[in-house]
Number of protein chains: 2
Amino acid sequence: MDPHLLRTFVAVVDQGSFSVAASTLGYTQSAVSQHIAALESDLGAPLLTRRPVAPTAAGARLMEHARPLLLRLDAARADLARLNQAPQQGISLACTPLSHPALLAAPLPGDRPSLRVLGRDEALRAVTSGEVDLALVDGAAAPSDPLALADLGPLTTVRVAEESLAVVLPAQHPLAGRPSVRLADLSEAHWIDAPDTGVPLPRLRVAAGTDGFRARTTYEGTDVLTLGALVRAGHGLTVLPDSTARRLHGVTVTAVSAPHIVHRVEMVHGRLPRGAARELVERIGAGEGGPGQVTSPASAPR
Amino acid sequence: MDPHLLRTFVAVVDQGSFSVAASTLGYTQSAVSQHIAALESDLGAPLLTRRPVAPTAAGARLMEHARPLLLRLDAARADLARLNQAPQQGISLACTPLSHPALLAAPLPGDRPSLRVLGRDEALRAVTSGEVDLALVDGAAAPSDPLALADLGPLTTVRVAEESLAVVLPAQHPLAGRPSVRLADLSEAHWIDAPDTGVPLPRLRVAAGTDGFRARTTYEGTDVLTLGALVRAGHGLTVLPDSTARRLHGVTVTAVSAPHIVHRVEMVHGRLPRGAARELVERIGAGEGGPGQVTSPASAPR
DNA sequence: GAGGCTGCATCAGCAGTACTGATGCAGCCT
DNA sequence: AGGCTGCATCAGTACTGCTGATGCAGCCTC
């Protein structure tokens, strides 16, 4: 299970073709074919069906392992590479679209702060590789559960803010008059899947314990106003943190009565950052106080 | 950063010697030397000091990445290998020493159940590799925080039981008369570090936010009665879940008033297990109900 | 249904890798 | 100072992993 072989395997599955994967990886088609053959003989089972090229059951299972493994490997490389470079000056931050209210409540310390808005995974990758000093990520979870963040290396997570979730409905929706709704009652509704902006639908499925929440529309942007406009235009429902939802116009915002899930913002950073970043970490962390801090599994004291 | 190179690097750091690592790995000393040289030139920094052989700062950093990476790689291999084999019959379980009360409250389902008592890390490794169908692990954490478990692959974690922690003191200890103590007041006391039996001291340090809790005695066994005898004999203090502590004789058990940390048992298993294991998962999980379930970061729906 | 075409499998050949075993050399102990 | 332990280095070799060419199976076209 050489990482090179895994990387080719992932590329082949992603592209659905040996030859296309070969050209994106800079190999010949022959090499890719040999890589896959090597993996299959190593693991003792076919991983891909050919014509069409698609993962078998074993291949799908391997994919679940391969992608996080390769991510971790890259994160480790980047982390080590950063050790050799001189630390740069300004503070640099990343945040997911719905997490910035927690960040921008107070001025950013240091000179020339830089802020990037990224998706959850990209934000995590950026903080792991050291491209940014810290990141704020948001997500939905049960009140006492952590956000399930990909484990890319030794990170520290601090709970920053938490608020309730609300369903955003078009004003004329049948349920718009209700003071609150149960999420399960909406599982068969038309939903907008906005994985980078709001709460990803798979997360709702886990929380509500159903197979519903099928996406009718997919929105790939990171702009909440556009998402609100989509709801207003009747393209589907979505779920947003309460305060954000209430800033949208022309839509109805309804509380979720069950299950009890909340929207939470967590700060993620590597070891103790230096300088201005450290100041910010301490200020944000102070809002929580007490034992809200969780070091990541990888390096946590047991 | 070939895994082979990482593996030899880890071996060299563990053994503190190139030649010893070589023989345990089945290489020549020459090969090990070349492996380390290759890693160092790849990462552009020395990783080890020679004479004595010890990791440099960069090497220590690499170790933090290497070991979890290799663990995950092995876990992935084992998971895939298991797919090829016919599922075996009996149910097989692992639990950490302090987690069995939650497990043995009711009879185990299936014929020929097998139970193994392991350390936290070994139990996780066993469930990831499929050697056991599910594992119960225990640990200390803030009430709303999860146990920080190493991320070895796609696992599901369910909170099973939670109770308060108690300090176990010799009967004649000055603080033995108090109804409760603050953990911070005991940070300078003599402690017994019993990482496999009780609550590891580093965990207490994180919870209490101090640098104290230095071990005077280390106990490597998994037997709680022996740990109790150590306390009784005055070798130091320890922390145990309340109900377990109260079963010890000749010691004083005192509640912890601050910080608020609890002892929690979590059930960990891979995908949905089949047969008797499934029955057990559902029964244990039912005790919790609601959204106590957390799929692991690696494969969690976002 | 025959032919062409697309795309993965296979093969031969070559270049570079990854070992081994021998030797060199630096630090430490006596 | 001399010996010894243990990592570095070097030469040699087996083998791995790539390329380019060819083979062959399935699908589309007509």
Side-chain angles (χ1 to χ4, degrees), chain A residues 1-63 66 69-70 73-74 77, chain B residues 1-63 66 69-70 73-74 76-77 80:
Chain A
M1 291 213 338
D2 186 320
H4 295 113
L5 303 189
L6 288 183
R7 203 155 256 136
T8 359
F9 176 68
V10 169
V12 168
V13 172
D14 282 347
Q15 314 271 7
S17 152
F18 281 49
S19 36
V20 175
S23 68
T24 66
L25 293 169
Y27 288 137
T28 58
Q29 171 266 318
S30 169
V32 169
S33 192
Q34 291 174 43
H35 278 188
I36 302 298
L39 262 182
E40 290 183 328
S41 96
D42 180 19
L43 297 174
L47 299 170
L48 294 169
T49 62
R50 329 291 151 106
R51 212 175 309 267
V53 173
T56 62
R61 184 71 75 96
L62 180 59
M63 279 296 284
L69 262 169
L70 295 175
L73 217 106
D74 293 342
R77 275 208 85 83
Chain B
M1 292 217 335
D2 185 320
H4 295 112
L5 304 189
L6 289 182
R7 203 155 257 136
T8 57
F9 176 70
V10 169
V12 167
V13 172
D14 283 348
Q15 314 272 5
S17 152
F18 281 49
S19 36
V20 175
S23 69
T24 67
L25 293 170
Y27 288 136
T28 59
Q29 172 266 320
S30 170
V32 169
S33 191
Q34 290 174 45
H35 277 188
I36 302 299
L39 262 182
E40 290 183 327
S41 96
D42 181 19
L43 297 174
L47 299 171
L48 294 170
T49 62
R50 330 291 151 107
R51 214 178 305 266
V53 173
T56 62
R61 185 71 75 93
L62 180 58
M63 280 295 285
L69 262 170
L70 294 174
L73 211 94
D74 293 341
R77 273 208 87 81
L80 267 288

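Chain identifiers are assigned alphabetically (A, B, ...) following the order of the sequence lines, protein sequences preceding nucleic acid strands; residue numbering begins at 1 within each chain. Because the structure is predicted, anything quoted here is derived from the model rather than measured.
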Review point. Think A:His4 has a side-chain N or O under 4.0 angstrom from the OP1 or OP2 of D:dC18?
Key: no
Exercise for review: Any strand is fair game: report the nucleotide pairing with C:dG27 by Watson-Crick or G-U wobble, both distances under 3.5 Å, or none.
Suggested key: D:dC4
Revision key, fill the gap. Looking only at C:dT10, D:dT19, D:dC7, the nucleotide nearest the A:Ser33 side chain is C:dT10
**Study point:** B:Leu25 CG - C:dC19 P separation (whole Å)
**Key:** 11 Å
Point to revise | Whole-Å gap separating P (D:dT22) and CD (A:Gln29) | key: 15 Å
Practice item. State whether the distance check finds a donor on one side and an acceptor on the other, under 3.5 Å, for side chain B:Gln34 versus base C:dT20. Key: yes
Point to revise | Closest listed nucleotide, where the reference is the side chain of B:Ser17 and the choices are C:dG7, D:dC18, D:dC7 | key: D:dC7
Study note, to complete from the structure: When both distances are under 3.5 Å in a Watson-Crick or G-U wobble arrangement, the nucleotide paired with D:dG12 is C:dC19
**Study point:** Below 4.0 Å: OP1/OP2 of D:dC18 and any side-chain N or O of A:Tyr27
**Key:** yes
**Study point:** d(CD1, A:Ile36; P, D:dC18) in whole Å
**Key:** 12 Å
**Study point:** B:Ser30 vs D:dC10: side-chain N/O to OP1/OP2 distance below 4.0 Å
**Key:** no
Point to revise | Between D:dT9 (C1') and B:His35 (NE2): distance, integer Å | key: 16 Å
Revision key, fill the gap. Taking a pair to mean Watson-Crick or G-U wobble geometry with both distances below 3.5 Å, D:dG20 pairs with C:dC11
